[in-house]
A.B. asks: 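Let me begin by handing over the structure; questions about it come next.
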Amino acid sequence: MERIDGAPWVGTSWKMTKTLAEGGEFARGLAEALAAEPRLRERVRPFVIPPHTALAAVAAELEGSGVVVGAQNAHWEDAGAWTGEVSVPQVADAGAALVEIGHSERREHFNETVETTAAKVAATLRHGLTPLLCVGEPAEVRDAGGSAEHILAQVRGGLDGLSEEELGRVLVAYEPIWAIGENGRPATVPELEAPFAALQGEFGSRTAAILYGGSVHQDNAAELLAMDDVDGLFVGRAAWRLEGYLELLRLAAG
């Protein structure tokens with residue numbers, strides 16, 4: 001069964017949650033559910049981003065399922081004296097086909113910059129994996145009316161120097177900082193229209209897809225997916241339980 005062109009991406013990053021056993025159980029259940037409901041594989045592009053400790057096990061469980069497995073981070077160098085880091089070749093060896101880059105938590109707590117996101121995007125592409133570049137603005141930028149320019153600057157910087165062919169392999173996730181996390185406030189559709197129009201206007205036809213993430217849950221997913229400029233969803237805790245993730249996939253499948 002071939003996937004419908006333009007099928008929305010719907011994925012989740014587990015952040016620093018789930019043991020090896022918990023990740024394996026989730027992945028087995030997901031593979032079984034997709035085998036039982038093949039229309040989900042046809043109408044949605046699912047992806048899951050486990051912690052590094054569970055990456056190989058989750059990738060093995062999901063092999064052949066149609067689910068793209070990603071890594072939450074990877075270094076821009078292929079090897080070297082970078083204690084505690086993992087490289088793109090290493091996450092690829094563990095089964096990753098996608099690398100999440102530049103999440104706001106990485107930018108805030110680990111000094112991720114526009115320059116390092118660009119280096120990581122380039123390394124990911126060099127090794128044939130898909131970069132998922134995350135961008136977003138804090139509340140004070142939104143309140144000052146600067147959301148569109150802020151996120152465009154992050155995307156321009158993160159994708160600087162890429163060819164059009166390389167750009168066509170990149171996913172972008174817009175995740176306003178004020179809308180993500182346990183204390184985030186879900187964004188309304190009107191609040192998202194201008195940022196997404198700006199992103200689609202400059203990068204929509206040049207990148208693989210532009211996704212939305214930020215307090216996405218089962219009650220607002222359909223409304224978000226109905227927006228003309230949203231190509232999919234990047235979900236947090238609402239997708240950390242298997243049944244919650246499957247509900248989101250079914251909503252996206254229509």
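Remember, predicted model here, so these are calculated numbers, not experimental data.
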A.B. asks: In the single-linkage hydrophobic clustering (I, L, V, M, F, W, Y; side-chain heavy atoms under 4.5 Å), do L34 and L98 co-cluster?
C.D. replies: no
A.B. asks: Is there side-chain contact between N111 and T116, with at least one heavy-atom pair below 4.5 Å?
C.D. replies: no
A.B. asks: Under the side chain to side chain donor-acceptor pair (under 3.5 Å) rule, collect the residues that match up with S104, sequence neighbours excluded.
C.D. replies: none
A.B. asks: Give the intermediate values and the outcome of side-chain contact (heavy atoms from CB on, under 4.5 Å) for residues L224 and L233.
C.D. replies: CA-CA 8 Å; L224 292 166; L233 301 175; 3.9 Å; yes
A.B. asks: If you define the side chain from C-beta out and look only at heavy atoms, does anything of V135 sit under 4.5 Å from E175?
C.D. replies: no
A.B. asks: Closest approach of I101 and P131, non-hydrogen atoms and distance?
C.D. replies: CD1-CB, 4.0 Å
A.B. asks: Shortest non-hydrogen contact from L55 to G70?
C.D. replies: CD1-O, 3.5 Å
A.B. asks: Are L133 and L159 packed together at the side-chain level, in the sense that at least one heavy-atom pair is separated by less than 4.5 angstrom?
C.D. replies: yes
A.B. asks: For a quick test of reading the model, state the closest non-hydrogen atom pair linking A198 to L152 and the distance between them.
C.D. replies: O-CD2, 3.7 Å
A.B. asks: Does E193 have more than 12 heavy atoms from other residues, nucleotides or ligands lying within 6.0 Å of its CD?
C.D. replies: yes
A.B. asks: Where do H75 and V86 land on the side-chain contact (heavy atoms from CB on, under 4.5 Å) test, with the steps shown first?
C.D. replies: CA-CA 6 Å; H75 200 272; V86 295; over 6 Å; no
A.B. asks: Under the salt bridge (Lys or Arg N to Asp or Glu O under 4.0 Å) rule, what pairs show up with a residue in residues 12-32, not counting sequence neighbours?
C.D. replies: K15-E105, R28-E61
A.B. asks: Are V172 and L162 connected in a single hydrophobic cluster, I mean Ile/Leu/Val/Met/Phe/Trp/Tyr linked by side-chain heavy atoms less than 4.5 Å apart?
C.D. replies: yes
A.B. asks: Can you measure from CG (L132) to CD1 (I49) and round to the nearest 0.5 angstrom?
C.D. replies: 5.5 Å
A.B. asks: So which pairs with a foot in residues 113-137 pass salt bridge (Lys or Arg N to Asp or Glu O under 4.0 Å), sequence neighbours left out?
C.D. replies: D78-R126, E112-K120
A.B. asks: Quick one: CG on L242 to CD on E247, what's the gap to the nearest 0.5 Å?
C.D. replies: 11.5 Å
A.B. asks: Are the side chain of S215 and the backbone of A179 linked by a donor-acceptor contact shorter than 3.5 Å?
C.D. replies: yes
A.B. asks: Does the side chain of V10 reach to within under 4.5 Å of the side chain of R45, using non-hydrogen atoms?
C.D. replies: no
A.B. asks: Mind checking the CZ-SG spacing from R107 to C134? Nearest 0.5 Å is all I need.
C.D. replies: 8.0 Å
A.B. asks: Can you check side-chain contact (heavy atoms from CB on, under 4.5 Å) on R169 and T130, steps first, answer last?
C.D. replies: CA-CA 6 Å; R169 295 158 51 198; T130 297; 5.6 Å; no
A.B. asks: Closest approach of G213 and P176, non-hydrogen atoms and distance?
C.D. replies: O-CD, 3.6 Å
A.B. asks: Taking only residues two or more places apart in sequence, or in another chain, which ones meet W76 in a ring pair (Phe, Tyr, Trp, His ring centres under 6.0 Å)?
C.D. replies: W82
A.B. asks: Restricting to non-hydrogen atoms, name the atom on A7 and the atom on V44 that form the minimum distance, rounded to 0.1 Å.
C.D. replies: CB-N, 4.0 Å
A.B. asks: Of L192, V235, L225, which is the lone residue that meets side-chain contact (heavy atoms from CB on, under 4.5 Å) with Y212?
C.D. replies: L192
A.B. asks: Nearest 0.5 angstrom please: I210 CD1 to L171 CG, how far?
C.D. replies: 10.0 Å
A.B. asks: I'd like to check the side chain to side chain donor-acceptor pair (under 3.5 Å) partners of E100; sequence neighbours left out, ordered by chain and number.
C.D. replies: S13
A.B. asks: Should V68 and V121 be regarded as members of a common hydrophobic cluster, given that ILVMFWY residues are connected when their side-chain heavy atoms come within less than 4.5 Å of each other, either directly or indirectly?
C.D. replies: no
A.B. asks: In chain order, what residues pass the side chain to side chain donor-acceptor pair (under 3.5 Å) check against S163, with sequence neighbours excluded?
C.D. replies: E166
A.B. asks: Quick one: CD on Q90 to CD on E85, what's the gap to the nearest 0.5 Å?
C.D. replies: 10.0 Å
A.B. asks: Does anything in residues 206-222 pair up under salt bridge (Lys or Arg N to Asp or Glu O under 4.0 Å), and if so which pairs, sequence neighbours excluded?
C.D. replies: E164-R206
A.B. asks: Measure the shortest side-chain to side-chain distance between R156 and E202 over non-hydrogen atoms and say whether it is less than 4.5 angstrom.
C.D. replies: yes
A.B. asks: With sequence neighbours left out, write down each residue that passes ring pair (Phe, Tyr, Trp, His ring centres under 6.0 Å) with Y174, or none if nothing qualifies.
C.D. replies: F196
A.B. asks: Would you check if L30 and L62 make a side-chain contact, meaning some heavy-atom pair closer than 4.5 Å?
C.D. replies: yes
A.B. asks: If you compare all heavy atoms of G23 against all heavy atoms of V58, which two are closest, and at what distance to 0.1 Å?
C.D. replies: O-CG2, 3.8 Å
A.B. asks: Filter on ring-ring contact (aromatic ring centres under 6.0 Å, His included), then keep only pairs touching residues 102-136, sequence neighbours left out; what's left?
C.D. replies: none
A.B. asks: Pairs in or reaching into residues 16-47: which pass ring-ring contact (aromatic ring centres under 6.0 Å, His included), with residues at least two apart or in two chains?
C.D. replies: W14-F26, F47-F234
A.B. asks: Residues two or more places apart in sequence or in another chain: which of them pass side chain to side chain donor-acceptor pair (under 3.5 Å) with E37?
C.D. replies: R250
A.B. asks: Looking at side-chain heavy atoms only, is the closest gap between Q218 and L248 below 4.5 Å?
C.D. replies: yes
A.B. asks: Taking R43 for its side chain and P38 for its backbone only, find out whether a donor-acceptor pair lies under 3.5 Å.
C.D. replies: no
A.B. asks: Is there a path of hydrophobic side-chain contacts, each under 4.5 Å between heavy atoms, that joins L167 and L211?
C.D. replies: no
A.B. asks: Give every residue pair that meets the side-chain hydrogen bond (donor to acceptor under 3.5 Å, both in side chains) criterion with at least one member in residues 221-235, sequence neighbours excluded.
C.D. replies: Q200-D231
A.B. asks: According to a hydrophobic-cluster definition based on side-chain heavy atoms being under 4.5 Å apart (Ile, Leu, Val, Met, Phe, Trp, Tyr only), do V99 and W9 belong together?
C.D. replies: no
A.B. asks: Rounded to the nearest 0.5 Å, how far apart are CG of L125 and CD of E165?
C.D. replies: 8.0 Å
